[in-house]
Amino acid sequence: MKEMIRSQRLHESYVEVRHKSGLRMLLCPMEGYSTTYAMFGTPYGSVDVCFKTDKDPDFVTVPEGIAHFLEHKLFENEDCDAFERYAKTGASANAFTSFDRTCYLFECSENFEASLEILLDFVTHPYFTEQTVQKEQGIIGQEIKMYEDDPDWRVMFNLLCALYHVNPVRIDIAGTTGSIAQISAELLYRCYNTFYNPSNMVLAVAGNFTVDSVLAVADRVLQCAEPVQIEYKRADEPREVYKKEWEQSLSVAVPMFSVGFKADSGPYEENIRGSILDEMLIEIIAGEASPLYRQLYDQSLINQTFYGEAMAGRDYLCNMFSGESRDPRAVQKALYGEIARLQHEGLDPEMFEVAKATVYGRYVGALDKSEGVAGLMVSGAFNGVGMFEVIDIAAGATIEALQQRLAGSFDIARSAISIINPLQ
């Protein structure tokens, strides 16, 4: 009942505004909250390496890692960087680039309008020179080398390399030292002018603020721009996996693994809807309440690092189970066995209810925090599944729908394992 009341209150306070600049603003004042969380995002991520606008005659291919590179560079201008400006307001700021989006964000308990003005200002005023680009190439090059030795990072990306042949989701978000060496100030401006047009971006704010305060800042800072239509080029990805196994040795005490299942990808919205159901299947197969989890844990084949994840986005959809194990292949065999059993015998109704409640609670719980609300609003704006619709999908899931998805989303013939072994 508390969850329903909280969701209803958010429904009532939620406001969507299309600013005169073309920016879509999703605003959710939250009564009783002392902090405010703001996200300013664009649907531009590491997979977007081939695209065209309505004004381009042909598709353009850009270096891998350029979306992440652009994120780094936007924090700088001729005089200072955005973090120095945020230090004066007391806001905690950050940014991230994922496979299909880039977001800039801050959280504050005071000076909200000043902090929002900084956010809107630095993201909409790029400053790139060849000299500053060369400097950043060295900084990001060091970051790439660091991630090359990070076992958590490598076990995931090695799995994606095993699952996918050509889909750019298999490429490190930061790119490679070779790819970022091809980035120039001119290329950065081209990508910026394509993907950072206000009409394609979203501002989401949740927490302690007023709608009028956001509109006032936007009126002061944002300029109108001619809308840009973007067409993404889809990778011609085969259905089968690229490689069944991928092993690497790094400095780890216990082997790490990730077992993945490549699912058929459809439209972005369809992938997100399906992934919510796949989250429930992950809980049924090997969630903490499942018989298999208890069996593997009692046999010391997994520990508390074990988890399952549904990963969905534009042009990709896969599911994975990851963790540490003294015998990763024994875990893989057990997962395959349990999936085959569930496909043959059917899902247990009691486990279905447990899994459904777990996933539903996870999404409703996100509404308790301003950052969760802002994150769901931005995600919904880009993938077409709004934050309240996500909860409705989880609440409306049926055992029949999950049983139907089980064969396609967890096809053993289209699976792979990534293992990070200890150095000898």
Side-chain angles (χ1 to χ4, degrees), residues 14-29 36-45 48 51-57 60 62 66-67 70-82 85-86 89 91 93 95 97 100-106 111-129 185-206 209-232 374 377-384 386:
Y14 173 80
V15 176
E16 180 171 341
V17 178
R18 179 68 74 169
H19 188 257
K20 61 184 179 182
S21 64
L23 178 66
R24 183 182 179 189
M25 299 192 294
L26 310 177
L27 311 175
C28 192
T36 309
Y37 198 92
M39 296 183 73
F40 192 17
T42 175
Y44 176 43
D48 302 315
F51 55 85
K52 68 185 292 293
T53 71
D54 52 343
K55 299 174 178 60
D56 296 323
V60 60
V62 296
I66 195 168
L70 183 53
E71 172 220 313
H72 274 232
K73 291 305 301 168
L74 274 183
F75 277 92
E76 299 178 8
N77 62 26
E78 289 184 84
D79 303 316
C80 64
D81 66 35
R85 299 172 67 186
Y86 277 124
T89 68
T97 303
D100 45 29
R101 76 191 60 167
T102 305
C103 292
Y104 304 82
L105 54 95
F106 73 84
N111 299 320
F112 165 68
E113 288 190 43
S115 298
L116 180 61
E117 185 165 330
I118 294 169
L119 176 67
L120 298 183
D121 180 60
F122 85 81
V123 175
T124 57
H125 290 87
Y127 173 72
F128 316 129
T129 67
E186 181 182 358
L187 268 178
L188 287 175
Y189 275 115
R190 176 161 190 175
C191 291
Y192 179 88
N193 291 328
T194 298
F195 292 99
Y196 283 74
N197 185 285
S199 63
N200 292 321
M201 300 183 72
V202 167
L203 172 68
V205 186
F209 73 100
T210 65
V211 172
D212 286 344
S213 66
V214 174
L215 295 176
V217 174
D219 287 344
R220 287 199 303 270
V221 178
L222 299 178
Q223 302 295 319
C224 295
E226 185 180 353
V228 172
Q229 299 295 322
I230 305 169
E231 183 180 349
Y232 301 92
M377 288 193 294
V378 169
S379 296
F382 293 156
N383 62 41

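Separation of atoms CD1 (Ile66) and SG (Cys191) is listed at 3.5 Å; rounding is to 0.5 Å. From Thr42, atom OG1 reaches atom CD1 of Ile230 across 6.5 Å, with rounding to the nearest 0.5 Å. For the atom pair CG (Leu222) and CE (Met25), the distance works out to 7.5 Å, reported to the nearest 0.5 Å.
Of all heavy-atom pairs between Ala381 and Leu26, the closest is CB-CD1, 3.9 Å. Scanning both residues, Ala218 and Leu120, for their nearest heavy atoms gives CA-CD1, 4.0 Å. When all heavy atoms are compared, the tightest approach of Ser199 to Arg18 is O-NH1, 3.6 Å.
Partners of Pro126 under the side-chain contact (heavy atoms from CB on, under 4.5 Å) rule, at least two apart in sequence or in another chain, are Leu74, Phe128, Tyr189, Tyr192. Applying the salt bridge (charged side-chain N to carboxylate O under 4.0 Å, His left out) test to Glu226 and every residue at least two apart in sequence or in another chain returns Lys55. For Phe209, the ring pair (Phe, Tyr, Trp, His ring centres under 6.0 Å) partners two or more places apart in sequence, or in a different chain, are Phe112. With sequence neighbours left out, Tyr104 forms a side-chain hydrogen bond (donor to acceptor under 3.5 Å, both in side chains) with Tyr196. Residues passing the salt bridge (charged side-chain N to carboxylate O under 4.0 Å, His left out) test with Glu231: none are found, sequence neighbours excluded. Scanning for side-chain hydrogen bond (donor to acceptor under 3.5 Å, both in side chains) contacts around Glu76 gives Lys73, with sequence neighbours left out. With sequence neighbours left out, the side-chain hydrogen bond (donor to acceptor under 3.5 Å, both in side chains) criterion links Asp56 to Thr53. Evaluation of the side-chain contact (heavy atoms from CB on, under 4.5 Å) rule for Ala91 yields Tyr86, Thr89, Phe106, Cys108, Ser115 as partners, not counting sequence neighbours. Partners of Asp48 according to the side-chain hydrogen bond (donor to acceptor under 3.5 Å, both in side chains) rule, which considers only residues two or more places apart in sequence or in another chain, are Arg314. Under the rule for a salt bridge (charged side-chain N to carboxylate O under 4.0 Å, His left out), the partners of Asp121 that lie at least two apart in sequence or sit in another chain are Arg85. Applying the side-chain contact (heavy atoms from CB on, under 4.5 Å) test to Val211 and every residue at least two apart in sequence or in another chain returns Val15, Leu27, Pro29, Leu215. Taking the salt bridge (charged side-chain N to carboxylate O under 4.0 Å, His left out) definition, one finds that Glu71 meets it with nothing, sequence neighbours left out.
Side-chain contact check for Asp100 versus Phe382: every heavy-atom pair is 4.5 Å or farther apart. A 4.5 Å side-chain heavy-atom check between Met39 and Arg101 finds every atom pair outside the cut-off. Side-chain atoms of Phe40 and Leu105, non-hydrogen and from C-beta on, never get closer than 4.5 Å to each other. In this structure, the side chains of Tyr44 and Leu70 come closer than 4.5 Å at one or more pairs of heavy atoms. For the pair Arg190 and Val62, the minimum side-chain heavy-atom distance is 4.5 Å or more. Within the 4.5 Å cutoff, no side-chain heavy atoms of His19 are placed close to those of Pro198. Taking 4.5 Å as the limit, every side-chain heavy atom of Thr97 sits out of range of all side-chain heavy atoms of His72.
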Pair Leu119-Leu203, side chain to side chain contact (heavy atoms under 4.5 Å, CB included): steps then yes or no | CA-CA 10 Å; Leu119 176 67; Leu203 172 68; 4.2 Å; yes
Side chain to side chain contact (heavy atoms under 4.5 Å, CB included) evaluation trace for Val60 with Phe51 = CA-CA 6 Å; Val60 60; Phe51 55 85; 3.5 Å; yes
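Side-chain N/O atoms of Thr210 and Asp212 include no donor and acceptor closer than 3.5 Å.
The main-chain N or O of Val228 is found under 3.5 Å from a side-chain atom of Asn200 such that the two form a donor-acceptor pair.
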